[in-house]
Amino acid sequence: MITKFIKRILRRDPMVKHTQANNTGAPKRIPKKAHRIDPHLLSKNAVKVTHTLQQAGYEAFIVGGAVRDLALGISPKDFDVATNATPDQVQRLFRKARLIGRRFQIVHVTFFGKGHPEIIEVSTFRALLDNAGDHVAESGRILRDNVWGSQGEDAARRDFTINAMYYDPSSETVLDYHGGMADMQKKTLRMIGDPAKRYREDPVRMLRAVRFAAKTGFELDGATRAPIAKLGKLLNDVPSARLFDEILKLLMSGYSWAAIQGLKDAGLHHGLLPLLDHILDTGADSKGANDFVKLALANTDERIQSGKSVSAGFLFATLLWPDLLKNWKANSAKGMANIPALHDAMDDTIATQSSGMTIQRRFESDMREIWSMQPRFERRVGRYPYRLIESPRFRAGYDFMLLRCATGELSPAIGQWWTDFIATDVTGQDELMASVKNESGNSPSPAKRRRRRKPKAAVPPESAAS
Ligand code: ATP
Ligand code: MG
């Protein structure tokens with residue numbers, strides 16, 4: 001009984017030295033001159049966290065994607081720290097530290113600086129569970145993964161060799177358990193362990209493989225790629241919220257177009273998100289739709305790569321726009337009035353998504369706002385434009401409208417008109433309003449306009465991309 005208890009405690013307290021029981025072996029120690037990580041790319045806060053932990057007697061490293069990006073010379077978007085201190089021990093060392101998660105707790109240490117607050121995620125070394133016991137589903141999928149372990153075990157449970165390196169900012173040394181640095185040099189993405197087993201444990205790793213290949217430009221190692229064709233269907237068993245998060249990461253990676261091509265090549269897009277099927281199954285009649293989506297994704301990639309923000313709502317609004325136009329057009333053909341036809345089409349388009357992965361509610365309202373703003377860009381009479389620029393989501397609607405102009409779905413002159421309208425002063429705006437009147441020659445006078453109850457329908461969707 002007592003031995004059992006002691007064993008449990010030993011297992012639980014990562015401060016107690018573990019034997020390297022799972023053949024992870026000793027790591028390769030890579031000095032600065034070999035890894036060439038530029039310390040200027042490090043987050044000062046992440047370094048503060050590792051120093052504080054080390055000064056308190058713990059081991060602490062920057063880990064995972066941040067080390068991969070640093071070794072690639074890219075500035076990481078966020079920093080994770082791994083340590084042998086328990087979450088409670090970590091929390092005691094920092095003023096702004098919050099415990100996150102129930103089963104496997106991690107600590108978020110927040111720093112408030114000039115810009116956005118920075119969160120450094122600190123996790124305790126975690127063990128890899130073997131395929132036995134109640135934490136593994138029949139398919140091999142791991143349901144529970146919450147046992148602390150040694151650093152070697154922590155490295156072994158990570159996905160790719162290039163994601164399993166530990167960087168110590170104090171000694172500027174990288175600890176590499178699985179040949180990640182050699183794979184970086186070979187530009188290879190290699191799964192740690194037996195790829196098929198690792199995909200069965202967590203099918204999302206297949207999507208991650210595609211995402212990282214697109215991001216790094218690396219090739220998937222043959223053995224890492226091979227099982228995907230057969231095991232891709234296991235993604236059906238993954239909870240849809242998790243799948244949605246991963247697809248979102250993929251779309252927001254700054255390399256979305258390449259990643260989507262990668263999904264297609266790997267045969268992984270079917271059934272993930274109906275709109276992905278849509279984008280990728282290029283039919284003869286969907287060329288216009290593809291142009292729009294391609295441009296939207298290229299635009300998103302460019303924004304992300306240059307450090308600008310992108311809202312997921314905006315992105316989904318663009319991806320679903322060709323579908324929406326089709327539905328809108330169909331409704332109009334049935335004789336529905338223009339605006340109700342648009343709103344009905346929005347409902348239909350969003351409902352189609354529920355057959356695969358539901359678009360989260362919070363994005364849905366953004367999408368609806370962006371879409372319903374579109375006809376308003378063509379109403380350049382009376383008070384309409386003045387009111388439109390005051391709407392809180394104007395900027396998103398405007399950016400969206402510019403994309404429509406770029407594919408020729410909407411006249412580029414309209415986009416230019418709005419660009420001028422928001423850049424000028426009141427007199428300039430009045431002149432622009434007058435220019436529209438002259439353009440059409442038959443705009444109603446303000447007095448008449450005020451009297452008219454029902455404004456003429458604005459955008460007949462004939463101009464829609466097919
Ligand atoms: P990104 O730049 O997209 O954040 P990342 O590699 O940091 O890439 P995260 O999802 O933030 O990806 O995960 C952090 C680290 O956790 C990874 O580098 C990897 O070591 C490990 N990891 C994350 N997800 C998995 C998974 N599904 N299976 C195994 N290890 C994982
Ligand atoms: Mg990360």
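Count residues from 1 along the sequence. First listed ligand is number 1; within each ligand, the first listed atom is number 1. Bear in mind that the values here come from a model prediction, so they are computed numbers and not experimental data. Heavy-atom basis, side chains included; hydrogens, waters and symmetry copies ignored.
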For this session: For the pair R303 (side chain) and S309 (backbone), establish whether a donor and an acceptor sit closer than 3.5 Å, ignoring hydrogens and angles.
Result: yes
Exercise. Polar-atom distance check: R198 versus ligand 1, any N or O pair below 3.5 Å?
Worked result: no
For this session: Kindly indicate, with the supporting measurements, whether the criterion salt bridge (Lys or Arg N to Asp or Glu O under 4.0 Å) is fulfilled by R198 and D159.
Result: CA-CA 8 Å; R198 303 300 310 282; D159 46 10; over 6 Å; no
For this session: Ignoring angles and geometry beyond distance, decide whether G65 reaches within less than 3.5 Å of ligand 1 through its nitrogen or oxygen atoms.
Result: yes
For this session: Check each atom of ligand 1 against the heavy atoms of F212 and keep those under 4.0 Å away; list them by number with element.
Result: 6 (O), 8 (O)
Exercise. Taking only heavy atoms of K215, which atoms of ligand 1 are found under 4.0 Å from at least one of them?
Worked result: 2 (O)
For this session: Heavy-atom distances under 4.0 Å are what count here, so tell me which part of F160 touches ligand 1: side chain, backbone, both or neither.
Result: neither
For this session: Over all heavy atoms of both residues, which pair between I414 and F377 is shortest? Give the atoms and the distance, please.
Result: CG2-O, 3.9 Å
For this session: Please identify which atoms of ligand 1 are closer than 4.0 Å to at least one heavy atom of D202.
Result: 26 (C), 27 (N)
Seminar exercise, completed: Within the 4.0 Å heavy-atom cut-off, what D80 brings close to ligand 1 is side chain
For this session: Determine, considering heavy atoms only, which of D245, D159, T161 sits nearest to atom 19 (C) of ligand 1.
Result: D159
Exercise. Do Q54 and S170 have side-chain atoms, one donor and one acceptor, less than 3.5 Å apart?
Worked result: yes
Exercise. Quick one: do D347 and R368 make a salt bridge, cutoff under 4.0 Å?
Worked result: yes
Exercise. Atom 8 (O) of ligand 1: which protein heavy atom is closest, and how many Å away?
Worked result: R68 NH2, 3.3 Å
Exercise. Which ligand 1 atoms are under 4.0 Å away from a heavy-atom of R205?
Worked result: 26 (C), 27 (N), 28 (N), 29 (C)
Exercise. Is the shortest distance from a Lys or Arg side-chain nitrogen in R242 or D202 to a carboxylate oxygen in the other one below 4.0 Å?
Worked result: yes
Exercise. Under 6.0 Å between ring centres, would you say that holds for F316 and F244?
Worked result: yes
For this session: Of the side chain and backbone of R157, name the one, both, or neither that has a heavy atom under 4.0 Å from an atom of ligand 1.
Result: backbone
Problem set entry | Interfacing atoms of ligand 1 (cut-off 4.0 Å, heavy-atom, R242) | 27 (N)
Exercise. Does the gap between the ring centers of H178 and F160 come in under 6.0 Å?
Worked result: no
For this session: Please identify which atoms of ligand 1 are closer than 4.0 Å to at least one heavy atom of G64.
Result: 18 (O)
Seminar exercise, completed: The option among E201, R208, M165 carrying the non-hydrogen atom nearest to atom 13 (O) of ligand 1 is R208
For this session: Assess the side chains of D301 and S256: does a donor N or O sit below 3.5 Å from an acceptor N or O?
Result: yes
Exercise. Okay, side chain of E118, backbone of G113: is any donor-acceptor separation there less than 3.5 Å?
Worked result: no
Seminar exercise, completed: For K77, the atoms of ligand 1 under 4.0 Å from one of its heavy atoms are 1 (P), 2 (O), 3 (O), 4 (O)
Seminar exercise, completed: Among non-hydrogen protein atoms, atom 3 (O) of ligand 1 lies closest to R211 NH1, 2.5 Å
Exercise. Can you list the atoms of ligand 1 that are under 4.0 Å from a heavy atom of K249?
Worked result: 10 (O)
Exercise. Using 4.0 Å as the upper bound for N to carboxylate O, is an ion pair formed by E246 and R211?
Worked result: yes
For this session: With heavy atoms under 4.0 Å as the rule, classify the contact between N163 and ligand 1 as side chain, backbone, both or neither.
Result: both
Problem set entry | For D265, side-chain contact (heavy atoms from CB on, under 4.5 Å) partners two or more places apart | none
Seminar exercise, completed: for atom 16 (O) of ligand 1, nearest protein heavy atom and its distance come out as R158 NH1, 3.4 Å
